[in-house]
2 protein chains.
Amino acid sequence: MSASEIIIPKPTDVNRIQDEHWRLRASRVLPNGMYGHIQPHHTPANYPQFFGRSAGARVWDVDGNEYVDMLCAWGPMILGYGHQEVEATYQQELKNRDLAYGASPRVVELAERFVELNDGADWAIFGKNGGDATTLALTIARAATGKKIILKAGPSYHGATPWFTPVMSGITPEDRANIVEFEYNDKESFNQAVVAAGDNFAGIIITPHRHDTYTDQIPVDLAFAQHVRHVCDARKAVLILDDVRAGFRTSLAGSWAPIGIRPDMSTFSKCIANGHALSALTGIDSLREAASSIYAVGSFWYASGAMAAGLTTLRILEESNGIQTMTERGNQLVKGLREQAASYGINVVVSGPPTMPFVRFEDGKEMEHAFIWCEEALRRGAYVHPWHNWFLSTAHTKEDIDFVLSATDCAFRHLASRI
Amino acid sequence: MSASEIIIPKPTDVNRIQDEHWRLRASRVLPNGMYGHIQPHHTPANYPQFFGRSAGARVWDVDGNEYVDMLCAWGPMILGYGHQEVEATYQQELKNRDLAYGASPRVVELAERFVELNDGADWAIFGKNGGDATTLALTIARAATGKKIILKAGPSYHGATPWFTPVMSGITPEDRANIVEFEYNDKESFNQAVVAAGDNFAGIIITPHRHDTYTDQIPVDLAFAQHVRHVCDARKAVLILDDVRAGFRTSLAGSWAPIGIRPDMSTFSKCIANGHALSALTGIDSLREAASSIYAVGSFWYASGAMAAGLTTLRILEESNGIQTMTERGNQLVKGLREQAASYGINVVVSGPPTMPFVRFEDGKEMEHAFIWCEEALRRGAYVHPWHNWFLSTAHTKEDIDFVLSATDCAFRHLASRI
């Protein structure tokens, strides 16, 4: 089936023979059958677990079923899977070298690129996970201030590290001893956290908008962001913008550049190398000495293939005006979803930037309805998600979004018939 | 210059024009000019910082100077840079898919492979950094026991994480609150640490032999290892073997398999995918539930390219009897180094498994002499290191080692003339 030829999608005759085979084998050698957010019990029952192919905006599960992918690998894919130019530079770098004893010139070029693009940044350090970048940022904030307490917004996610993970199994109170939480966009709550931090207020880490799972995304309140910046300045605390998830989907200059709030450090990962493992931390000149004083390294942190891919990804995003393209497609999707929901009398909230929308059902049984709806959309060839925001890429065409909307229309009709 | 044609190496007419160019640019956009262990002040002054090419056992700096690489990218390279079969499977996997929404069958195959190879292992989880694996291991030990304290040997390195990093800038006392240190191989010191942990003794993390930087490597004492295993069993604490650095360079079954001590969990990274970013944690069945209860994920932790490369790397290592090959070359190197030192009347200690030897000078000014010696070896085309153990790969031929020994012979003569 080629999705682009079939505007009204038919339910796929779902075949899960291969998927069942791999699930069974996985159940023996992987805890829970899989680690992390794609553990089988986290997604609707008919969702495939294993994938065999990806290209452009499409993925195929191991049984050959094709989907338009609205998850973009949970964000890393931004120009389309297997993007020709990105992969060509990646391959060329690998052919010459990837790892050797030292670094390649790509690390310098990529740091220069981040400094050039990112509002206020003067230096960069690269890692592999988003959590590498956020952890380094906390360490540098503490080194710079000689203080310990970092403020974060309640359930905001900043990486699978002991001080941020949402699951407390195996986590000690000491892992969180120097974290004080506040309510996103709530000035009073933030002020209370600052008071609680007292003389030990080292800094704050915050996402550019609220994009916690399961809940509506909420833009940052400008007055709140200005207040945070002002208090950090007055208290000589460090403002860290965690752009790991949202970065490069609303602005090339950092997600707070459009509102004129300049962070002291920013963290990036996910899409910056179009799927190749890479994260980045950028910072201002006054933090350079602290950044020089800490220990920042990993066996693969100089690997230049992903850096070459990053250079090409960022160049293409800029030259092709990729954010505008994704925004147009996202607006098309969001408008369509809202109209469909209204036409079936189903209450949904579609929130977030159009390039990373989230659909939440409001009918009491939120997750139950979301699962039913997602399962039907999936049957029709649209890969959407019930509790995590989706992502747009520049590879999603107008026709892809039309196709996804045809699938979600069927899903809304199906859900309406069941409630 | 082709190193294999020139048995008596001549000093290269060192050209550092490109290297200086990139260092200057790096100094503007990277803290300290570079992050991590390859910061300029950590290596002898004439060492190149930037590399342009790698192939087999050779690397070329950005100015085109060629070296036989005895660092193997600090361990990750084990079959030679750009190994044809590994890269072919890697490319094939990337062509099909690397990242998508979910996992590929490669994660199952690789977990099965680790379970098959690794003594006692029943399950596996994969990450990107060695520190991902060690952090997960601590978390699982705590989840399984409901206790907090982890024992570790004094300066042993287990990753660039706040609870292990050797540099304390930006690290808080709380980051180390649940770590108790003991002296490697010292039963009395270990017992004291167990007493200090008291009712909160969750587990121990230990390297298979002592391979701390700057100091002689020391094999684990069998009676000590047996004692640790016995105490962990008696106290229901978890024994974690950190095989990130040493793994697959002395045994395919885990580095304590030859001495018959079975850990409860093992961590691997570095060489397991011949340079592609990958780490692994394996564990026994009784820890499966705890491993299922914790949060273990990263954006790139399902990336299947590195897993495909890992499958091929481990297969070739086994089929080609790679450890034996590396051991023979390592013995050739170690024997040669000791004979040369003796012939020039210079006291050195060559320690560690022959596949990861370390050379330490004993003449009072250890580092000064090591730097002089390394600089001269480098001028002659042998890339060696003054304070970190070296690594062998299966790509190092007898002739490569002869060449390296010719370079080190010149270096010993040079050093002898200066002291």
Based on non-hydrogen pairs under 4.5 Å, which of [options] is most in contact with chain B?
{"options": "V108(A), T43(A), L94(A)", "value": "V108(A)"}
{"options": "T282(A), D61(A), N178(A), D285(A)", "value": "N178(A)"}
{"options": "A143(A), G75(A), A277(A), G102(A)", "value": "A277(A)"}
{"options": "A306(A), S292(A), G130(A), A291(A)", "value": "S292(A)"}
{"options": "A141(A), G170(A), S299(A)", "value": "G170(A)"}
{"options": "Y383(A), F126(A), F50(A), Y302(A)", "value": "Y302(A)"}

Relative to chain A, which of [options] shows the most heavy atom pairs under 4.5 Å?
{"options": "V244(B), L278(B), V62(B)", "answer": "L278(B)"}
{"options": "G82(B), P162(B), A303(B), G298(B)", "answer": "P162(B)"}
{"options": "E87(B), E289(B), K270(B)", "answer": "K270(B)"}
{"options": "A73(B), A296(B), A103(B), G52(B)", "answer": "A103(B)"}
{"options": "V59(B), V107(B), L136(B)", "answer": "V107(B)"}
{"options": "G305(B), P31(B), A202(B), A144(B)", "answer": "P31(B)"}

Where the side chain of N96(A) meets the backbone of R53(B), is there a donor-acceptor pair that is under 3.5 Å apart? no
Which portion of [X] sits near chain B, non-hydrogen atoms under 4.5 angstrom:
{"X": "Q18(A)", "value": "neither"}
{"X": "D122(A)", "value": "backbone"}
{"X": "A177(A)", "value": "side chain"}
{"X": "Q49(A)", "value": "backbone"}
{"X": "D132(A)", "value": "side chain"}
{"X": "P105(A)", "value": "both"}
{"X": "L71(A)", "value": "side chain"}
{"X": "E93(A)", "value": "neither"}
{"X": "R245(A)", "value": "neither"}
{"X": "H385(A)", "value": "side chain"}
{"X": "F114(A)", "value": "neither"}
{"X": "M34(A)", "value": "side chain"}

Derivation and outcome, side chain to side chain contact (heavy atoms under 4.5 Å, CB included), residues F300(B) and S269(A): CA-CA 10 Å; F300(B) 312 111; S269(A) 182; 3.4 Å; yes
Testing the basics here: between [X] and [Y], what is the closest heavy-atom pair and its distance to 0.1 Å?
{"X": "P76(B)", "Y": "L99(A)", "value": "CB-CD1, 3.8 Å"}
{"X": "Q91(A)", "Y": "Q91(B)", "value": "OE1-OE1, 2.6 Å"}
{"X": "R288(A)", "Y": "V29(B)", "value": "NH1-N, 4.1 Å"}

Aromatic ring centroids of Y35(B) and Y295(A) under 6.0 Å? no
Between W74(B) and W301(A), does the ring centroid distance fall short of 6.0 Å? no
Run the side chain to side chain contact (heavy atoms under 4.5 Å, CB included) check on E109(B) and R25(A) step by step: do they pass? CA-CA 9 Å; E109(B) 292 172 342; R25(A) 285 170 64 174; 4.1 Å; yes
Can you tell me how far the CG atom of D175(B) sits from the CD atom of E174(A), to the nearest 0.5 Å? 10.5 Å
With a 4.5 angstrom heavy-atom cut-off, could you sort out which part of T135(B) is near chain A: side chain, backbone, both or neither? side chain
Would I294(B) and V167(A) satisfy side chain to side chain contact (heavy atoms under 4.5 Å, CB included), going step by step from the backbone distance to the final call? CA-CA 6 Å; I294(B) 67 147; V167(A) 175; 5.7 Å; no
What verdict does the side chain to side chain contact (heavy atoms under 4.5 Å, CB included) test give for W123(A) and L30(B), after you've listed the backbone C-alpha separation in whole Å, the side-chain angles of each residue and the deciding distance to 0.1 Å? CA-CA 5 Å; W123(A) 51 262; L30(B) 296 165; over 6 Å; no
For the residue pair T172(B) / K148(A), report whether a side-chain donor-acceptor contact shorter than 3.5 Å exists. no
